[in-house]
Each structure stands twice: as C-alpha cells, then as structure tokens.
Amino acid sequence: MSTDTPGIDPLEALRAPRDPACDVFLTGPVFLDIIFTGLDSAPVRGTESWARGMGSSPGGVANMATALARLGLRTALAAAFGDDHYGEYCWDALEQGEGIDLSMSHTVPGWHSPVTVSMAYEGERTMVSHGHEAPAPAPVAGTGSRAGATGAAGAAGASTGATAPVFPQCPPRARAAVASLAPGRSEPWVATAARDGALVFGDVGWDETGRWDLDALPDLAHCEAFLPNAEEAMRYTRTDCPRAAAHALAERVPLAVVTLGAEGAYAVDGRTGTAAAVPAIEVEALDPTGAGDVFVAGFVTGTLADWPLADRLAFAGLTAALSVQEFGGSLSAPGWAEIAAWWQLIRTCDRQDPAALERYAFLDDLLPTTARAWPLRRAVPTIGFRQ
C-alpha cells in the first residue's frame, strides 16, 4: 500500500465536469518481479551468491501504472493476468493497493504469470525473465474480470508473446496514454486514443534489429512526446550528442525528451523551440529497476498539469531519484508523502546550493506545509506476509 498523502490531485485546478474519467490509459504485460538487492558483485558461475535484501512486486507495465496512480492520476490498465497465486497477488496489489482501474483487464485460466528475477548490484541490474504467450480469452459479454470474462481489451485479441501488450481496439477516453513503441509494430489503439484527444507518450526499448529507423516506429506519428534514453536517441538520429539528438527528434514529435542518466535530462518543445536541461539528483541507488517508468510518469503528470517544461523535467527526475532508493520496480515509486518529506528535508540541510533549491520551488504550491519526517518506511514488497 502506498504511503501517499491524501487529497493531493495535481490536476484539480484543471478538472471540468465533461472531462474523461480516466487520466492515463496504458496496456502491456504484467510480470511478477522478484528482486534481490545487496549483492556485492555480479553472480559468478559455479558459485552461490547471497543477497542482503529481497522483495517481490508487480512489474512490467505495473511499474508505470503504479507510479502514475501514486502521483494522483486516475489510471486505467488493460493487461492479462494468470490465474495462479502470482496473478492474484499482482491483481490485488494493483487494484486494491493502488486504486488502478483494471476493468479492461482479464484473467486467463490455466496461464501462469510471467516472472522476472532482478539482481541489483553496483548501481545496475541484471534480469532473467520467463513467460509464455497469453492465449486469447473467449469472447464473453460484460467487462473484464478476474474470472476470465473479457472487456474491450480482451476482445481485441491475444498478446503476441509474454512481453507483448494487450491490444484494445477501443481504449477508454483519457487525457493521456502511454505507448511502448517497437520497430515494425503498429498498435491500432494508439491511433484511436490520439484521435479521441489523448496525449500519447511514447517510450522505446533497444532496437534488436539494429536498423534504428524512426520510420519503422509508425505510432510515433501519433505521439505528443517521445522519451528515449541518450543512446537510443543518438542511434535513431545518427547524431553523436544527446542534445543534438533531442533537437532532431523535435522535428518528428512535438516534445522530445532525452534522459541522460547521471547527467539528468534534456527536452525540446518542437512547437515553440523551447529547450530545457535539468541535472540529476545525486542519490545512493539501491535498485534502479523501474526508474525509467517512474521518470515517464512524473513527466506525464507535469505535462497534464500544464507545468513549464523545466519543471516537468525536474519533477520527473526527482521521482526517479526517489524510486532508486527503494527496491522493487513498482512499489518503489514515490507518492506525494515521499516527495513532501524529501522537500522538507532538503531545505533544512546545510550548504545547499540556493540555485538548486530554486529549481524545485514549484513544489511549494503543491505540497502541504508539514510533512512526515524523512526517511519514510514503505510496505515491504513481498508475497506471503499479511500487512
């Protein structure tokens, strides 16, 4: 369960009676993540390694769904869930624990949940995953359910693999949608969502084809924002500088956001030519799993709230930095309680750079005047213990 501060709605001043009930829609595979932390080094062949920390939590698309929900956005997820204990745990954690709308999701009888084991060490992670293609659910009238009934998401067809998303033909009307772009793949729901007024935020993974061709990402044409990392951005644009890559991408999409790892992030608004750069916050990273998803969620929040571009980048970087200090991809996502506690702490620390503090002054208008003390202890992300 999130330790979120109740009553903070970043879109409160913008909401109107005829607005969509859903703020953000997304679809994709949900994994059970098992995370080992506190490893001194990478596992060595032929030996046994002991980790000082371990947890489990919903992963895959659940990382971003949880991050969005914890930031106060009304989030809807279309996904397939196994009918095993892993699937039940993930469903309960997302629906009951995080308040995510799963009415477009469905349970697949006899299908086991995809699983990822993540090992965090030296500020990086190594993952091993296993899963099978989710079979198409039988057409059943009504909304999605844990009993296998299928709503719009299930009726559209099966996943194309354990790591492929559910393809809803008719996504719910939403302010925004997050799409995972892949070479040579077009998802019909993306065009539908954009046509219905949703701002589409596209992320992307490593191009296994090695072509790095933007024209091979057909759904990029429907995106409001494209958020690759520096290496991906440079390869797609044939540039040798992340900032040059961002400007080149801004010729193809209204908002180009390039994450720079330890150097922060850089963004270009293609409509106005405005550019913004924000340095990263230095933290001791426990587990970087899901940090990229949390960054996207923070940027989506700031965009929907109509913040200045630099504030969006700063907020996205802050939420990502807070997430890597906890383990577990989805359950490490910060809520407003963590953000408020950090802001209260950082302003009382000695020798803070005034310019750095000013960068986050916009938080004053969002956060309560008092906050719980830092650090906050969150619920332990694991299966088997009652809380």
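Values in this document were obtained by computation on a predicted structure and should not be read as measured data.
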What pairs with [X] under ring-ring contact (aromatic ring centres under 6.0 Å, His included), at least two apart in sequence or on another chain?
{"X": "F81", "result": "W91"}
{"X": "F201", "result": "none"}
{"X": "H222", "result": "none"}

Distance in Å, [X] [atom1] paired with [Y] [atom2], rounded so as to fall on 0.5 Å steps:
{"X": "R243", "Y": "L260", "atom1": "CZ", "atom2": "CG", "answer": "7.5 Å"}
{"X": "N63", "Y": "S57", "atom1": "CG", "atom2": "OG", "answer": "7.0 Å"}
{"X": "D92", "Y": "E98", "atom1": "CG", "atom2": "CD", "answer": "12.0 Å"}
{"X": "R74", "Y": "C22", "atom1": "CZ", "atom2": "SG", "answer": "9.5 Å"}
{"X": "L304", "Y": "L71", "atom1": "CG", "atom2": "CG", "answer": "11.0 Å"}
{"X": "T116", "Y": "F31", "atom1": "OG1", "atom2": "CZ", "answer": "4.5 Å"}

Tell me if a side-chain donor or acceptor on [X] pairs with a main-chain N or O of [Y] at a distance below 3.5 Å.
{"X": "S105", "Y": "A79", "result": "yes"}
{"X": "R173", "Y": "A193", "result": "no"}
{"X": "R70", "Y": "A333", "result": "yes"}
{"X": "T47", "Y": "P43", "result": "no"}
{"X": "E338", "Y": "G335", "result": "yes"}
{"X": "D23", "Y": "L73", "result": "no"}
{"X": "Q344", "Y": "A341", "result": "no"}
{"X": "S113", "Y": "G87", "result": "yes"}

Are the side chains of [Y] and [X] in contact, using a 4.5 Å heavy-atom criterion?
{"X": "V178", "Y": "V24", "answer": "yes"}
{"X": "F295", "Y": "V300", "answer": "no"}
{"X": "D40", "Y": "S49", "answer": "no"}
{"X": "L255", "Y": "L309", "answer": "yes"}
{"X": "P58", "Y": "Y89", "answer": "yes"}
{"X": "D219", "Y": "E187", "answer": "yes"}
{"X": "T27", "Y": "V61", "answer": "no"}
{"X": "P20", "Y": "P172", "answer": "no"}

Would you say [Y] and [X] are linked by a side-chain donor-acceptor pair, where the criterion is simply a distance under 3.5 Å?
{"X": "T259", "Y": "Y266", "answer": "no"}
{"X": "T107", "Y": "D83", "answer": "no"}
{"X": "W111", "Y": "D84", "answer": "no"}

Do NZ/NE/NH1/NH2 and the carboxylate oxygens of R15 and D9 come within less than 4.0 Å? yes
Please lay out, stage by stage, how H85 and H112 fare under the test ring-ring contact (aromatic ring centres under 6.0 Å, His included). CA-CA 9 Å; H85 289 307; H112 77 73; over 10 Å; no
Are [X] and [Y] connected, step by step, through hydrophobic side chains (Ile, Leu, Val, Met, Phe, Trp, Tyr) whose heavy atoms are closer than 4.5 Å?
{"X": "W336", "Y": "W342", "result": "yes"}
{"X": "M234", "Y": "W212", "result": "no"}
{"X": "L32", "Y": "F36", "result": "yes"}
{"X": "I339", "Y": "V296", "result": "yes"}
{"X": "L322", "Y": "L357", "result": "yes"}

Partners meeting side chain to side chain donor-acceptor pair (under 3.5 Å) with [X] (sequence neighbours left out):
{"X": "T239", "answer": "T237"}
{"X": "D19", "answer": "R175"}
{"X": "E231", "answer": "R235"}

L94 vs L77, side chain to side chain contact (heavy atoms under 4.5 Å, CB included): CA-CA, chis, key distance, verdict: CA-CA 9 Å; L94 296 175; L77 170 64; 4.1 Å; yes
Mind jotting down which residue pairs meet the side chain to side chain donor-acceptor pair (under 3.5 Å) criterion with at least one end in residues 198-208? Sequence neighbours excluded, please. D207-T209
Using the salt bridge (charged side-chain N to carboxylate O under 4.0 Å, His left out) rule, collect all pairs that involve residues 57-69, keeping only residues at least two apart or in two chains. none
Show every ring-ring contact (aromatic ring centres under 6.0 Å, His included) that has at least one partner inside residues 42-78, sequence neighbours left out. none
Could you work out, with side-chain contact (heavy atoms from CB on, under 4.5 Å) as the rule, every residue matching D215, not counting sequence neighbours? D213, R252
Test side chain to side chain contact (heavy atoms under 4.5 Å, CB included) on C223 and L181 and set out the steps. CA-CA 10 Å; C223 289; L181 309 184; 4.2 Å; yes
Verdict with reasoning, L68 to L26, per side chain to side chain contact (heavy atoms under 4.5 Å, CB included): CA-CA 10 Å; L68 290 163; L26 64 167; 4.1 Å; yes
Could you pull out every donor-acceptor pair under 3.5 Å between side chains of residues 270-283 and any protein atom, sequence neighbours left out?
residue, atom, partner, partner atom, Å
R271, NH1, E224, OE2, 2.9
R271, NH2, E224, OE1, 2.9
T272, OG1, T274, N, 3.2
T272, OG1, T274, OG1, 2.9

Which side-chain N or O atoms in residues 310-319 pair as donor and acceptor under 3.5 Å with protein atoms at least two apart or in another chain?
residue, atom, partner, partner atom, Å
D311, OD1, R359, NH2, 2.0
R312, NE, W307, O, 2.8
R312, NH1, T303, OG1, 3.3
R312, NH2, W307, O, 3.2
T319, OG1, F315, O, 3.2
T319, OG1, A316, O, 2.8

Taking the inter-plane angle between the rings of H130 and H132 on a 0 to 90° scale, is it parallel (under 30°), tilted (30 to 60°) or perpendicular (over 60°)? perpendicular
Walk me through it: do T75 and F25 pass the test side chain to side chain contact (heavy atoms under 4.5 Å, CB included)? CA-CA 6 Å; T75 304; F25 169 78; over 6 Å; no
Grab the two heavy atoms, one from V294 and one from P334, that are nearest each other, plus how far apart they are. CG1-CD, 3.9 Å
Is it the case that more than 12 heavy atoms not belonging to D364 sit under 6.0 Å from its CG atom? yes
